[in-house]
Amino acid sequence: QVQLVESGGGLVQAGGSLRLSCAASGRTFSSRAMGWFRQASGKEREFVAAITGSGGTTNYADSVKGRFTISRDNVKNTVYLQMNSLKPEDTAVYYCAAGPRYSGSGSLNNPSFYNGWGQGTQVTVSS
């Protein structure tokens with residue numbers, strides 16, 4: 001069972017940047033699709049970004065496209081979320097999620113695709 005540990009959250013001003021990291025255990029990391037989700041206080045969990053095992057395909061929510069970049073380092077077993085031009089509405093707990101190998105079908109933006117979740121890291125963007 002994969003274990004995920006997020007880090008890098010914190011308090012930033014609007015317009016600032018932050019990089020989240022998700023360190024994963026397991027020797028099958030490179031074959032797993034990975035995703036980032038977030039949940040604001042009182043809101044439903046929503047998809048942010050996803051990346052396939054090789055990094056060849058990335059998906060982004062419309063709300064973050066052009067501002068956030070997901071990437072991965074399969075040697076370090078780590079997935080990243082670079083967040084630029086942050087807005088107050090980006091404030092949420094951000095969760096890293098690990099899935100199986102992506103076969104090319106199904107939706108990477110669906111949380112039911114993933115079978116491992118981190119504990120989350122708080123991101124707060126002040127205005």
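The analysis underlying the following values was restricted to heavy atoms, covering all of them including side chains, and did not include hydrogens, waters or symmetry mates.
- Taking a 6.0 Å sphere around CD of Gln39, one finds it holds more than 12 heavy atoms contributed by other residues, nucleotides or ligands.
- Remark: side-chain polar atoms of Ser107 are not paired, donor with acceptor, to backbone N or O of Asn109 under 3.5 angstrom.
- Ser127 and Pro88 get closest at one heavy-atom pair: CB-CG, 3.9 Å.
- Residues Asp90 and Arg67 have side chains in contact (heavy-atom distance under 4.5 Å, counting atoms from C-beta outward).
- When all heavy atoms of Arg38 and Ser63 are compared, the pair lying nearest together is NH2-OG, 3.5 Å.
- Across all non-hydrogen atoms, the minimal contact from Tyr95 to Gly118 is CD2-O, 3.6 Å.
- A donor-acceptor distance shorter than 3.5 angstrom exists from the side chain of Ser25 to the backbone of Gln3, with no hydrogens or angles considered.
- Taking Ile, Leu, Val, Met, Phe, Trp and Tyr as members and joining any whose side-chain heavy atoms lie under 4.5 Å apart, directly or through other members, the hydrophobic cluster of Tyr94 also contains Val2, Leu4, Val12, Leu18, Leu20, Phe29, Met34, Trp36, Val48, Ile51, Tyr60, Val64, Phe68, Ile70, Val79, Leu81, Met83, Leu86, Val123, Val125.
- Taking both residues in full, the closest heavy atoms of Tyr114 and Gly35 are given as CE2-N, 3.7 Å, listed atom of the first, atom of the second, then distance.
- Separation of atoms CD (Gln13) and OG (Ser126) is listed at 5.0 Å; rounding is to 0.5 Å.
- Rounding to the nearest 0.5 angstrom, the gap separating the SG atom in Cys22 from the CH2 atom in Trp117 is 11.0 Å.
- Of the possible donor and acceptor atoms, none in the side chain of Ser30 sits under 3.5 Å from a partner among the backbone N and O of Thr28.
- For the residue pair Gln122 and Thr124, a side-chain donor N or O sits within less than 3.5 Å of a side-chain acceptor on the partner.
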Mind running side chain to side chain contact (heavy atoms under 4.5 Å, CB included) on Thr69 and Tyr80 for me, showing each step along the way?
CA-CA 8 Å; Thr69 302; Tyr80 305 95; over 6 Å; no
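- Between Phe113 and Arg101 the shortest heavy-atom distance is CZ-O, 4.5 Å.
- Atom NZ of Lys76 and atom OG of Ser21 lie 9.0 Å apart (nearest 0.5 Å).
- A distance below 6.0 Å separates the ring centres of Phe37 and Phe47.
- For the residue pair Ser17/Asn84, the side-chain donor-acceptor check at 3.5 Å is satisfied.
- At least one donor-acceptor pair under 3.5 Å links the side chain of Arg72 to the backbone N or O of Thr52.
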